[in-house]
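Keep in mind that this is a model prediction, so the values were computed, not measured. Labels below follow one simple rule: chain letters A, B, ... track the order of the sequence lines, proteins then strands, and each chain is numbered from 1.
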Amino acid sequence: MSEQSKWERIYSVVKQIPSGQVATYGQIATLAGYYRQARQVGYALHAVPSDDIPWHRVINAQGKISLNLEMGGAVQRKMLESEGVIFSSAGIISLREFRWEPAIDPLES
DNA sequence: GGTCTGACTAGGT
DNA sequence: AACCTAGCCAGAC
């Protein structure tokens, strides 16, 4: 499988994250059929080709933003907050409250 | 070609 | 809670 179609599969899952919800890198990897390849999800999002992919709704497993502030972390937080996602004083999002839990397999939809 | 890096994670100590 | 390790693999050099 080429890396192109692999990334596109990752993107197709990310596109299905609803506004106001978030997913973790590992969750996207698993949903796309690439269990344990969370790093590749991060890499794919780093090179995100267009702005119709809600890359900002992907965070790490600790509920935190993985970018440095200068890499766009501040922008990501602002976009999430504008969608209604709440950050704690420590900058942590409650995954229990905001994590996306797809009812159907994203690859089948 | 080998080696290193990294928007990561799960499991163990 | 903090730290370590193995697993993953596309680029950059």
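Nucleotides C:dA2 and B:dA7, compared at atom C1', are 23 Å apart to the nearest Å.
Within the structure, the salt bridge (charged side-chain N to carboxylate O under 4.0 Å, His left out) test picks out no pair touching residues 85-97 of chain A (sequence neighbours left out). A salt bridge (charged side-chain N to carboxylate O under 4.0 Å, His left out) check over residues 10-34 of chain A, counting only residues at least two apart or in different chains, returns the pairs A:K15-A:D52. Annotation: salt bridge (charged side-chain N to carboxylate O under 4.0 Å, His left out) contacts involving residues 60-74 of chain A, sequence neighbours excluded, are absent.
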Practice prompt. Encode nucleotides 7-13 of chain B as B, S and - characters from 5' to 3', where the letter depends on protein heavy atoms closer than 4.0 Å: B to the base, S only to sugar-phosphate, - to neither.
Written response: BBS----

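With sequence neighbours excluded, no residue satisfies side chain to side chain donor-acceptor pair (under 3.5 Å) with A:R36. In terms of the side chain to side chain donor-acceptor pair (under 3.5 Å) criterion, A:T24 has no residue partners (sequence neighbours excluded). A search for side chain to side chain donor-acceptor pair (under 3.5 Å) contacts involving A:Q21 returns nothing, not counting sequence neighbours. Judged as a side chain to side chain donor-acceptor pair (under 3.5 Å), and not counting sequence neighbours, the contacts of A:E83 are A:H56, A:R57.
Here A:R77 contributes atom CZ and A:I93 contributes atom CD1; the two are 8.5 Å apart, rounded to the nearest 0.5 Å.
In the region residues 84-91 of chain A, proximity to DNA chain B at under 4.0 angstrom, judged on heavy atoms, holds for none of the residues.
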